[in-house]
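Let me begin by presenting the structure, written as structure tokens, before commenting on it.
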Protein chains: 2
Amino acid sequence: MGRKRTKSGKIRLAEVAELAGVSPITASRFFRNPEALSIAKRTRVESAAKELGYVPNLAARALASQRTEVIGVLIPSLTNNVFSDVLRGIYDASEGNRYSIQLSNTRYSILQEEKLLRLFLAQKPAGLIVTGIDQTAESRAMLEAADCPIVQIMEIGPDPVDMMIGFSHYDAARAAVAHLFEQGHRRIGFVGARMDPRVQRRLDGYVSAMKDAAMFEQRLVVTTATPTSVTLGGALFTDLLAREPDLDAVFCANDDLALGVLFECRRREIAVPDQIAIVGFNDLEFMASAVPTLTSVRTNRYEMGKTAANMLIEAIEGRRPEQPVLDLGFKVIERQSSSSRHSESRPAGSGAGAANKMVALPSGHD
Amino acid sequence: MGRKRTKSGKIRLAEVAELAGVSPITASRFFRNPEALSIAKRTRVESAAKELGYVPNLAARALASQRTEVIGVLIPSLTNNVFSDVLRGIYDASEGNRYSIQLSNTRYSILQEEKLLRLFLAQKPAGLIVTGIDQTAESRAMLEAADCPIVQIMEIGPDPVDMMIGFSHYDAARAAVAHLFEQGHRRIGFVGARMDPRVQRRLDGYVSAMKDAAMFEQRLVVTTATPTSVTLGGALFTDLLAREPDLDAVFCANDDLALGVLFECRRREIAVPDQIAIVGFNDLEFMASAVPTLTSVRTNRYEMGKTAANMLIEAIEGRRPEQPVLDLGFKVIERQSSSSRHSESRPAGSGAGAANKMVALPSGHD
DNA sequence: AGGAACGTTGACAGCGCTACCAGCAGCGAC
DNA sequence: GTCGCTGCTGGTAGCGCTGTCAACGTTCCT
């Protein structure tokens, strides 16, 4: 016997086809590749579909075609501002086309990532966006065996699984430190939280730049595995200052920490940048508006997400980009907090003041 | 003829059933309702599934069962910090169970929301989370006709579609203004951006509180449709000050604006709170760490997302919550920026200082 | 004019799973 | 012993769509 079920009055493809006077398969093609139809049938199917308010059943499509139109995205955090920009780019790129985004949070655990990857892959996604280059061996093997395009985002490194978009955190950190040296600073501290692989590489970049100048000392580095926050920035800076009273600059692994350091300086009545210079990382919006305005390393997060999704979609549709690895670079945005020109006391007036001096560098060249 | 296709060596349910020595339908039941099986078969199917590494094909399941295990989420913005907290709650709640989250961004457009709603509903989601209570009539009708549970989040109001979780933005704004009155402020400005319905209700609350005290004047209100930012806070405050030089407090519709106002005060050498008090809205993390620490209205965003998803899942599984409308309330977190006790100049030491005085109110009582 | 090539269309047979119903065993009640 | 109940299991028949291939009409080439 057949079944009753809800019926639900749902319009099926066959009904559209009937109204349009074509076979179901022709109607089906209309939705997937309209150019394959003659103009006459195309318009007939189109108006029939509109008249009936037809919406394709994605589950049936996925079952029959053995593939989904889902782009899986694995990111390590939903809290972090950085990822919300990337995500926004990804969602924006997915808008207006057939693909939908399936998001999962690895919580900075590569084991969790491996588990989620297995889950995702089982559903045959159309493509995958994964964060970073530090997958487990197992994950790496699964990614390589996957029969869908894959983009690694947030950083670039050797040996991409497939496509890759990001920048060199190592080089970016070196550039930030170089900027501080240029401004005449020598005892430059490093403040970092969470210490995920990308923050770790920023630390590596800092260390190498400091060693190049023969200025590195272990006690200039304060890090913690704790998730980042503004408050934490103040606390870590407090530690750093206790260890190294002669500190004359701080390079913060992100902007929240930098803001925390700025507030802590204000609390302690330490003049920024005259006594201590501050450089952040990511160039979040508030950096330009703080007092003093805060120097940061600008990273193209939104563009990264958007381009990653676009590259992926192109690849899904068979048009592999000629550039599978894209270095988006970074820019050191110099502002008052690290400027050796003594911060003029600016009177009334809003905004960030003078145009930012930008130091742009493509990463990957040391 | 049959077809070739990739084959892909995928394990099907039938293979698990065969290995376990049961019928496919019994194996199917194991994955959906293990309690319905005898212990013997249960363990047999379980080990067979594990041995073969079986993962169910969700598309086939959705097609056969006429429903998905997808929770649709419609939010107006991915940029706004507020929503990232809510989302984090939703994703956390969806972890470890069968449901997956399908997210879409309405960009604060109720027309876009309507379009997305139509799209979502066509895929028969297991449940839906929508933001706010200001849907189009068409959207409203679709929601009411939908045969799945629905939660409206972010605010509470009369006449819920189904379930609802949030708080009264109107009451929260009134409480913030009342707090400023208590601290002796009279000429209290309002700064708002974006002016989505919830911000509008905060403005309404502000206006009503000011009128109650016979202190309302239109020129105390500065708003814009522009998306919010820290920089914008400074700009709007500049406008406000130009209109009303006697200003003695500002109620900001969100914390980014409040931070912008604080920076602008610093830039203009206006003492906070002595000359001007500042109150924000949402109580983002940085508020407790700013100098001076910033008063704000705490809202339970993470909890809201998490509880909304949990309520939804309960309802999907047939256990409707006894409380379909949940008021999560708010708290005015009083900090230095609005304290009439003159801000003692605190010497070295990090953090927010003395315990926050909290003024807790369940919203819904005026 | 004949044939190849192309563009367009349709028939068929599932994709992998589950709703529905029927059946069977085991048990207690009469 | 028979009935009805409950608990478990299985057979059948699709869910709505698309991959494959075949077939058609038309155009273009030789």
Side-chain angles (χ1 to χ4, degrees), chain A residues 1-45 48-49 52-69 98 122-124 126, chain B residues 1-45 48-49 52-69 98 122-124 126:
Chain A
M1 273 290 111
R3 36 178 127 180
K4 272 199 300 286
R5 282 193 184 159
T6 22
K7 274 280 164 195
S8 81
K10 253 322 177 197
I11 309 299
R12 297 197 313 288
L13 183 61
E15 281 139 47
V16 176
E18 195 180 6
L19 178 60
V22 300
S23 73
I25 188 66
T26 299
S28 166
R29 273 193 274 263
F30 169 76
F31 292 101
R32 291 173 296 147
N33 183 20
E35 286 74 32
L37 301 203
S38 61
I39 309 281
K41 307 231 164 181
R42 202 185 303 176
T43 52
R44 295 237 301 279
V45 175
L52 297 173
Y54 171 73
V55 180
N57 180 322
L58 298 183
R61 177 179 286 180
L63 182 58
S65 67
Q66 294 287 75
R67 55 195 159 70
T68 61
E69 283 162 350
R98 64 214 300 120
Q123 302 309 324
K124 298 185 201 285
Chain B
M1 271 291 111
R3 37 179 127 180
K4 273 198 300 284
R5 281 192 185 160
T6 23
K7 274 281 164 195
S8 82
K10 254 317 179 200
I11 309 300
R12 297 198 311 289
L13 184 60
E15 281 138 47
V16 176
E18 193 180 7
L19 178 60
V22 300
S23 73
I25 188 66
T26 299
S28 166
R29 272 193 275 265
F30 169 76
F31 292 101
R32 291 173 296 146
N33 182 20
E35 286 74 31
L37 301 202
S38 62
I39 308 283
K41 308 230 165 182
R42 203 186 303 175
T43 51
R44 295 236 303 278
V45 176
L52 296 173
Y54 171 73
V55 180
N57 180 321
L58 298 184
R61 177 179 286 178
L63 181 59
S65 68
Q66 294 287 76
R67 57 194 157 67
T68 60
E69 283 161 351
R98 64 211 301 118
Q123 302 309 325
K124 297 185 200 287

Base, sugar-phosphate, or nothing for A:R32, non-hydrogen atoms under 4.0 angstrom?
sugar-phosphate
Between B:Q66 and D:dG16, does any side-chain N or O lie under 4.0 Å from OP1 or OP2?
yes
Check the phosphate of D:dT18 against A:S65, side-chain N and O only, distance under 4.0 Å to OP1 or OP2. Yes or no?
no
Nearest whole angstrom, please: distance from the P of D:dC17 to the CZ of A:F30.
14 Å
Inter-residue atom distance A:R61.CZ - A:R67.CZ, 0.5 Å rounding
9.0 Å
OP1 or OP2 of D:dT9 sitting under 4.0 Å from any side-chain N/O of B:T26?
no
Might you work through the side-chain contact (heavy atoms from CB on, under 4.5 Å) test for A:V55 and B:Q123, ending with a clear yes or no?
CA-CA 9 Å; A:V55 180; B:Q123 302 309 325; 4.0 Å; yes
Examine the base of D:dG10 for any acceptor or donor lying under 3.5 Å from a partner atom in the side chain of B:R29, and report the outcome as yes or no.
yes
Of the listed nucleotides (C:dG16, C:dT9, D:dG11), which one gets closest to any side-chain atom of B:S23?
D:dG11
Check whether B:T68 reaches the backbone of B:K124 with its side chain - one donor and one acceptor, N or O, closer than 3.5 Å.
yes
Of all the nucleotides listed (C:dA11, C:dT18, D:dG16), which has the minimum atom distance to the side chain of A:I25?
C:dA11
Counting only heavy atoms and a strict 4.0 angstrom limit, can you tell me which residues of residues 53-62 of chain A come near DNA chain C?
none
Give every donor-acceptor pair under 3.5 Å between a side-chain atom in residues 32-41 of chain B and any protein atom, sequence neighbours left out.
residue: B:R32; atom: NE; partner: B:S28; partner atom: O; Å: 3.4
residue: B:R32; atom: NE; partner: B:S28; partner atom: OG; Å: 3.2
residue: B:R32; atom: NH2; partner: B:S28; partner atom: OG; Å: 2.8

Looking at the side chain of B:K41, which of C:dC17, D:dT9, C:dT9 is the nearest nucleotide?
D:dT9
Give a yes or no on whether the backbone of A:L13 and the side-chain of A:E18 come within a donor-acceptor separation of less than 3.5 Å.
no
Looking at CG of A:N57 and CD1 of A:I11, how far apart are the two atoms once the value is rounded to the nearest 0.5 Å?
13.0 Å
From C-beta outward on A:S38, which listed nucleotide comes closest to its side chain: D:dG16, C:dG10, C:dT8?
C:dT8
Enter the distance from B:T26:OG1 to B:R44:CZ here, rounded to the nearest 0.5 Å.
10.0 Å
Base, sugar-phosphate or nothing for A:R67? Non-hydrogen atoms, less than 4.0 Å.
sugar-phosphate
